[in-house]
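What follows is one structure encoded as C-alpha cells, with my remarks underneath.
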Amino acid sequence: MTAPLAFGELRIDDTVTGWMVQGRSQPWIGIAHAITFLGNSLTMTVISAIVVALLAFRRHYAEAVLLSVGALMGSVVMGALKHLFARTRPPVDDRLLHIESYSFPSGHAMMSMIVYCLLAVVAYRTIPWVREHPWAMLAAPILSVAIGITRVYLGVHWTTDILAGWACGALWVLLCVWLSTRVTLRPSASRM
C-alpha cells in the first residue's frame, strides 16, 4: 500500500488563516456557524432525500437519479481524496469546531458545490420559473462559496482546502450533468 500524498500548509494558508482568526468576533462567529450548518453532511442528506422523494413522486426519475447518484458518488470521491492527501487541519487552538478528519479537500466546500449545484440543475430542468430566470441558479454556487469561507473563518480548514473543494465539486457537477445528458438523450436519439 502506498503512503498518502501528505503536504503541509502553504504561505497563502498561513496568511489567510492568521488574518481570519485574528479578526473573529460576534456576531460573525454565530453567523458563520449558521452558514456552515448548511454544508453539514446531515443537512445536505436530508435536503437531498426530500428533493429526490419529491422528484420520484412527480415522475422526474432522471433528475432524481442525477441528484442522488451524483451526490452519493461525489461523497465517495471526496472521501477518497481526503485519504489520498491525508492533510492535517489547522492548529487545534485556531478551531472553533472539534473535527478530527483529514482536511484536503474541504468536504463542506466540495459537497455543498455538488449538492446545491445539482439541486439548481434539477430545478432548471423541472421548474419553468427557474428556466425563465436562470440567474436564480447562481444561488447554489454563492451558497457554496459562503459555506467554504466559514470553514476558514471557523479555523477548521486551510484556504487551499476550500479552493480545491470548490474546484473538485464544480468539475464533478459538470461531469454528472454531462453524463446525465448523454444517458437521457441516447434513447430519444435512437428512435429518430
Does any non-hydrogen side-chain atom of [Y] lie less than 4.5 Å from one of [X]?
| X | Y | value |
| --- | --- | --- |
| I35 | H108 | no |
| I31 | Q26 | no |
| Y153 | I29 | yes |

At what distance, to the nearest 0.5 angstrom, does [atom1] of [X] lie from [atom2] of [Y]?
| X | Y | atom1 | atom2 | value |
| --- | --- | --- | --- | --- |
| W166 | I149 | CH2 | CD1 | 5.0 Å |
| T45 | I50 | OG1 | CD1 | 11.0 Å |
| L38 | I47 | CG | CD1 | 6.5 Å |
| E132 | Y124 | CD | OH | 10.5 Å |
| E100 | T88 | CD | OG1 | 11.0 Å |

Using distance only, find each side-chain donor-acceptor pair of residues 73-81 under 3.5 Å and give its atom names and separation, not counting sequence neighbours.
none

>> If you count every heavy atom of other residues, nucleotides or ligands that lies below 6.0 Å from W129 atom CH2, does the total exceed 12?
In response: yes
>> With a sphere of 6.0 Å drawn around CZ of R58, does it hold more than 12 non-hydrogen atoms of other residues, nucleotides or ligands?
In response: no
>> Name the residue from I162, V21, T160 that meets the side-chain contact (heavy atoms from CB on, under 4.5 Å) definition with V152.
In response: I162
>> Can you tell whether the side chains of R87 and D161 come within less than 4.0 Å, N to carboxylate O?
In response: yes
> Can S112 and R151 be counted as having a side-chain donor-acceptor contact under 3.5 angstrom?
Replying inline: no
> Taking it one step at a time, do N40 and F37 satisfy side-chain contact (heavy atoms from CB on, under 4.5 Å)?
Replying inline: CA-CA 5 Å; N40 287 349; F37 177 78; 3.3 Å; yes
